[in-house]
Amino acid sequence: MNRKRRSLLPAMAFVVLLVLQSVVSTVSAQPPAQAPGGPPRGPQLPPIPVKGDTTHTLSRHFTPASGAKKAPNAKGFIQRWLVLEPVKKDIARNSIFTDNYLRTTFSTDNFSNDYTTVPKNGETVKVGNQELKWYALDSKAFNFNLFHFTYAIEKPRYGILVWLVTVIDSPEEMKNVRMTAGCNSGSMWWLNGQEALMLSGDRDMIADNVTSQRLTLKKGKNIIRGGVINGPGMANFCVRFLDEKGAPIKNLGISYQ
């Protein structure tokens with residue numbers, strides 16, 4: 001009897017091992033977590049182009065903006081932006097992005113001192129000695145990935161400053177709203193010519209990472225200008241408006257003119 005029991009032990013151990021392997025495979029195959037009420041976390045962001053990718057096409061992550069107004073996405077994120085080709089900067093590390101550094105740099109490397117200026121799609125402007133072109137694009141993701149943008153147009157992906165403009169049409173005056181933003185790595189944001197947000201330091205792109213003071217969206221046309229700066233690493237951002245109760249504002253029309 002004891003001999004039979006001893007002979008069964010290896011077989012039973014083998015069965016147990018197979019069951020454990022099956023459980024581990026099932027757990028590891030689960031999708032990444034999602035922040036409650038927010039956009040998917042990092043693993044579900046559009047991937048960085050692989051080293052061997054030579055497509056360099058905007059259509060992979062963006063679509064040309066149409067003349068019709070576009071609503072924010074289901075969570076209120078603004079996906080339509082006028083994006084200027086990157087201003088090349090000599091930036092060795094992102095830790096230099098102090099408040100003073102950002103204010104000085106955005107003031108110096110500026111395409112216009114009028115913060116309510118809306119450039120034209122395809123227009124070329126000069127920043128310093130660099131001739132740069134504007135693109136009107138809709139991001140396919142909730143965020144706008146500047147790494148993918150600069151890769152697609154074959155411009156520098158690191159050591160860059162990128163200017164952004166979009167036009168928000170509000171159906172009515174909205175008081176006590178807040179603008180929120182996340183970015184890699186530093187950025188500043190203006191609403192109707194007034195500074196609304198500053199994200200200094202070396203940051204990861206986290207939705208609603210910084211929230212503005214209470215703002216007012218005018219009935220009709222409102223202009224957002226943004227500037228994102230980055231040295232090494234990823235560069236992208238996301239912006240949306242929240243109402244007094246903290247809910248995303250979605251009844252807005254977004255255009256580039």
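Just so you know, residue 1 is the first one in the sequence shown, and it goes up from there.
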Asker: Would you mind reporting whether Ile153 and Leu58 have side-chain heavy atoms less than 4.5 Å apart?
Answerer: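 They are in contact (side-chain heavy atoms under 4.5 Å apart), so the answer is yes.
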
Asker: Salt bridge (charged side-chain N to carboxylate O under 4.0 Å, His left out), that's the test. Do Asp169 and Lys221 meet it? Break it down for me.
Answerer: CA-CA 5 Å; Asp169 185 67; Lys221 188 174 181 179; over 6 Å; no

Asker: Look at the side chain of Asn94 and the backbone N and O of Pro232, then say whether any donor-acceptor pair between them is shorter than 3.5 Å.
Answerer: yes

Asker: Do any N or O atoms from the side chain of Lys133 and from the backbone of Val125 form a donor-acceptor pair under 3.5 angstrom?
Answerer: no

Asker: List the steps and the verdict of salt bridge (charged side-chain N to carboxylate O under 4.0 Å, His left out) for Asp208 and Arg240.
Answerer: CA-CA 8 Å; Asp208 305 334; Arg240 64 176 173 176; 2.4 Å; yes

Asker: Contact between Ile96 and Ile91 at the side-chain level, heavy atoms closer than 4.5 Å - yes or no?
Answerer: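 Side-chain contact under 4.5 Å: yes.
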
Asker: Taking the side chain as everything from C-beta on, heavy atoms only, tell me whether Glu173 gets closer than 4.5 Å to Thr216.
Answerer: yes

Asker: Taking side-chain contact (heavy atoms from CB on, under 4.5 Å) as the criterion, tell me which of Asn230, Val87, Leu146 meets it with Val162.
Answerer: Leu146

Asker: How long is the span from the CG atom in Asn110 to the CH2 atom in Trp163, to the nearest 0.5 Å?
Answerer: 4.0 Å

Asker: I'd like to know if the side chain of Ser170 and the backbone of Gly220 have a donor-acceptor N/O pair within less than 3.5 Å.
Answerer: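 No, Ser170 side chain to Gly220 backbone: no donor-acceptor pair under 3.5 Å.
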
Asker: Return the CZ to CG distance between Arg225 and Leu191, rounded to the nearest 0.5 Å.
Answerer: 13.0 Å

Asker: Under a 4.5 Å cut-off applied to non-hydrogen side-chain atoms, are Phe147 and Asn236 in contact?
Answerer: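 When only atoms from C-beta onward are counted, Asn236 and Phe147 do not touch, as no gap falls below 4.5 Å.
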
Asker: I'd like to know if the side chain of Asp243 reaches the main chain of Ile249, judged simply by a donor and an acceptor atom lying under 3.5 Å from each other, with no hydrogens or angles considered.
Answerer: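 It does not hold such a pair.
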
Asker: Could you check whether any side-chain heavy atom of Lys70 comes within less than 4.5 Å of a side-chain heavy atom of Leu252, counting everything from C-beta outward?
Answerer: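 Side-chain contact under 4.5 Å: no.
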
Asker: So if I apply the side-chain contact (heavy atoms from CB on, under 4.5 Å) rule between Thr166 and each of Val118, Asn222, Ile224, which one comes out positive?
Answerer: Ile224

Asker: Below 4.5 Å, heavy atoms only, C-beta onward: do Val127 and Leu84 meet side chain to side chain?
Answerer: yes

Asker: Could you point out which residue of Phe149, Trp134, Phe62 forms a side-chain contact (heavy atoms from CB on, under 4.5 Å) with Val83?
Answerer: Phe149

Asker: In Å, rounded to the nearest 0.5 Å, how long is the span from CG of Leu82 to CD of Glu123?
Answerer: 9.5 Å

Asker: In Å and rounded to the nearest 0.5 Å, what is the CG to CD1 distance from Asp109 to Ile229?
Answerer: 7.5 Å

Asker: Measure from the side-chain N and O atoms of Ser212 to the backbone N and O of Met179, and report whether any donor-acceptor pair falls under 3.5 Å.
Answerer: yes

Asker: Hey, what do you get for CZ (Arg93) to OG (Ser185), rounding to the nearest 0.5 Å?
Answerer: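 Going from the CZ atom of Arg93 to the OG atom of Ser185 covers 13.0 Å.
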
Asker: Do Met188 and Leu197 come within less than 4.5 Å of each other through their side chains, counting heavy atoms only?
Answerer: no

Asker: Please check this pair: side chain of Ser107 against backbone of Thr104, looking for a donor-acceptor N/O pair closer than 3.5 Å.
Answerer: no

Asker: Has Asn73 got a side-chain atom pairing as donor or acceptor with Ile78's backbone, closer than 3.5 angstrom?
Answerer: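 Not confirmed, Asn73 side chain does not pair with Ile78 backbone.
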
Asker: Can you list the residues that meet the ring-ring contact (aromatic ring centres under 6.0 Å, His included) rule with Tyr256, with sequence neighbours excluded?
Answerer: none

Asker: Identify, with sequence neighbours excluded, every residue that meets ring-ring contact (aromatic ring centres under 6.0 Å, His included) alongside Phe237.
Answerer: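 Counting only residues at least two positions away or on another chain, Phe237 forms a ring-ring contact (aromatic ring centres under 6.0 Å, His included) with Trp81, Phe144, Trp189.
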
Asker: Output yes when a side-chain donor or acceptor of Ser187 lies under 3.5 Å from a complementary backbone atom of Cys183, and no otherwise.
Answerer: no

Asker: Does the side chain of Glu244 come under 3.5 Å of the side chain of Asn176 through a donor N or O and an acceptor N or O?
Answerer: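 Yes, side-chain donor-acceptor contact under 3.5 Å.
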
Asker: How about Leu164 and Val228: do any of their side-chain heavy atoms sit closer than 4.5 Å?
Answerer: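 With C-beta onward as the side chain, the pair touches.
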
Asker: Between atom NE2 of His61 and atom CG of Asn145, what is the distance when rounded to the nearest 0.5 Å?
Answerer: 7.0 Å

